[in-house]
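All values below come from the heavy atoms of this structure, side chains included, with hydrogens, waters and symmetry mates left out. Just so we're on the same page: letters track the sequence lines, and every chain starts at 1.
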4 protein chains.
Amino acid sequence: MSDSTPTDAEAACFEAGIKFGSLYHQFAGTPLSPESASSLETAIGDAIENQPHCAEVTVEIQRDELEAELAGSTADYTELTGRFLEVEIVVDYEGCEVVTRMAMEDGYPLMQLESVRDAA
Amino acid sequence: MSDSTPTDAEAACFEAGIKFGSLYHQFAGTPLSPESASSLETAIGDAIENQPHCAEVTVEIQRDELEAELAGSTADYTELTGRFLEVEIVVDYEGCEVVTRMAMEDGYPLMQLESVRDAA
Amino acid sequence: MSDSTPTDAEAACFEAGIKFGSLYHQFAGTPLSPESASSLETAIGDAIENQPHCAEVTVEIQRDELEAELAGSTADYTELTGRFLEVEIVVDYEGCEVVTRMAMEDGYPLMQLESVRDAA
Amino acid sequence: MSDSTPTDAEAACFEAGIKFGSLYHQFAGTPLSPESASSLETAIGDAIENQPHCAEVTVEIQRDELEAELAGSTADYTELTGRFLEVEIVVDYEGCEVVTRMAMEDGYPLMQLESVRDAA
């Protein structure tokens, strides 16, 4: 069994996970329409970028998914949930850069580590 | 004991309460800094205005409270909570206009009915 | 146009709305499985009953809906959302008893005032 | 610069971070009193354990902190926030066991990687 002290790269990945969990569970359920999508994208990015070691957050609410949902509905708004979200978060922790992404895969919003680069 | 069928004015007040509870419990806990306050105000207003019968939502994050909190802290952000929020929501339900407000009173964020006007 | 000072019954309805909005937007998005449904029901009821003037909260997570959702999925959990919830909240404000209910109607979770009774 | 493909240990740390961010931002803001603390602890643990690779979640709401807060207040409840929470989460991902903890440090709720053990 390997040593148990976390490396900087592992700590960077932990930080990246915190950002994703925070983003999703803070904002899922927010009332959402085509008119409010843009300001919500901006606010989510700005809010999560406050968190430590968070270098960049890009949030795209999928307008085509949103329009399709509302076309099949009598309501003119819905709630933010994973299938409307594409998110990329870049964390920089002690020189390690971690790139993570959330997007739909097989009907589920999947959060994934894309790359871990250690400057050392 | 009076009749139990709700009046339009009572339904309008119920709707106004829903908006306040939604707003507070959706967004409380959001990471917040002076830099992200403006986009969060806009997004909260736009999101809650999606809800039925919601005529107008005005959200003001109290910059002075926020700056004071951060001045006494080693962090450069905090979380959205009631003491940073002043909110006015106007609901229009079947011709009844209800004006509601949230602001600090004696150290607590108090949600209050300001006025109920029935056009009938 | 009628007088604009809220009655006790109107304030009671406002309070009832706050509880519903709070309940929904605090807990929507919570990871949910058949195994965790019971403890979540209890915790939601206990949490919302803390709020002022809240006499009783009854939360029922619809097990049949939940099982049906998971049967059509490769995951073994989902997120709490309106279609899994039936809620009744009773508010007592200055002798006015307001009974409210949330349940699905035409595919939407509808929050409704059931009755408003003024003891006066 | 090292290779950028994430290791299992890094993926395990990412998963652990997701659980912490989820837990905090789903439940922060929940109305909380000494009477409701126990059912909320149970529900939080059960909910987060639904998430993939989550081996164990232990949540302790600090009763002494909660009592102290309420003693200095005219209210009989408050909101769940970091200073009332001690949490330990164990993630098991492809044979890597990651232990993480959240507790107060210098007045802030700090989420930390405790250990990363790779069975390989």
- Query: Atom CZ in B:R117, atom OG1 in C:T5: separation rounded to 0.5 Å?
  - Reply: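 Nearest 0.5 Å value for the CZ-OG1 distance: 8.5 Å.
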- Query: What distance separates C:D64 CG from C:E67 CD, expressed to the nearest 0.5 Å?
  - Reply: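 Those atoms lie 8.5 Å apart.
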- Using non-hydrogen atoms only, which part of C:Q51 is less than 4.5 Å away from chain B: side chain, backbone, both, or neither?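 C:Q51 touches chain B through side-chain heavy atoms alone.
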- Message: With a 4.5 angstrom heavy-atom cut-off, is it the side chain or the backbone of C:T100 that approaches chain B, or both, or neither?
- Response: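 It is the side chain, since no backbone atom gets that close.
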- Can you name the closest pair of heavy atoms from B:T58 and B:E56 and give their distance?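 Answer, listing the atom of B:T58 first, then B:E56: OG1-OE2, 3.8 Å.
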- Task: Determine the minimum heavy-atom distance between B:V57 and B:E49, stating which atoms define it.
- Result: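 Between these two residues, the closest heavy atoms are N-OE2, 3.1 Å.
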- Just checking heavy atoms, which of residues 78-89 of chain C are less than 4.5 Å from chain B?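 Under the 4.5 Å heavy-atom cut-off, nothing qualifies.
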- Item | Any residue of residues 11-44 of chain C which, by heavy atoms, sits under 4.5 Å from chain B |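 From residues 11-44 of chain C, the residues near chain B are C:A11, C:C13, C:F14, C:A16, C:G17, C:I18, C:F20, C:G21, C:S22, C:H25, C:Q26.
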Within the 4.5 Å heavy-atom criterion, are [X] and [Y] side-chain neighbours or not?
X: C:Q112; Y: C:E105; answer: yes
X: C:D8; Y: C:Y93; answer: yes
X: B:I48; Y: B:C54; answer: yes

- Worked check of side-chain contact (heavy atoms from CB on, under 4.5 Å) between B:L113 and B:V98: CA-CA 7 Å; B:L113 271 182; B:V98 174; 3.4 Å; yes
- Message: If the threshold is 4.0 Å, N to carboxylate O, is there a salt bridge linking C:E114 and C:R101?
- Response: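 Here C:E114 pairs with C:R101 in a salt bridge, since their nearest N and O are under 4.0 Å apart.
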- Message: Please evaluate residues B:S4 and C:V116 with respect to the criterion side-chain contact (heavy atoms from CB on, under 4.5 Å), reporting the C-alpha separation (whole Å), side-chain torsions for both, the decisive distance (0.1 Å), and the verdict.
- Response: CA-CA 5 Å; B:S4 71; C:V116 181; 5.8 Å; no
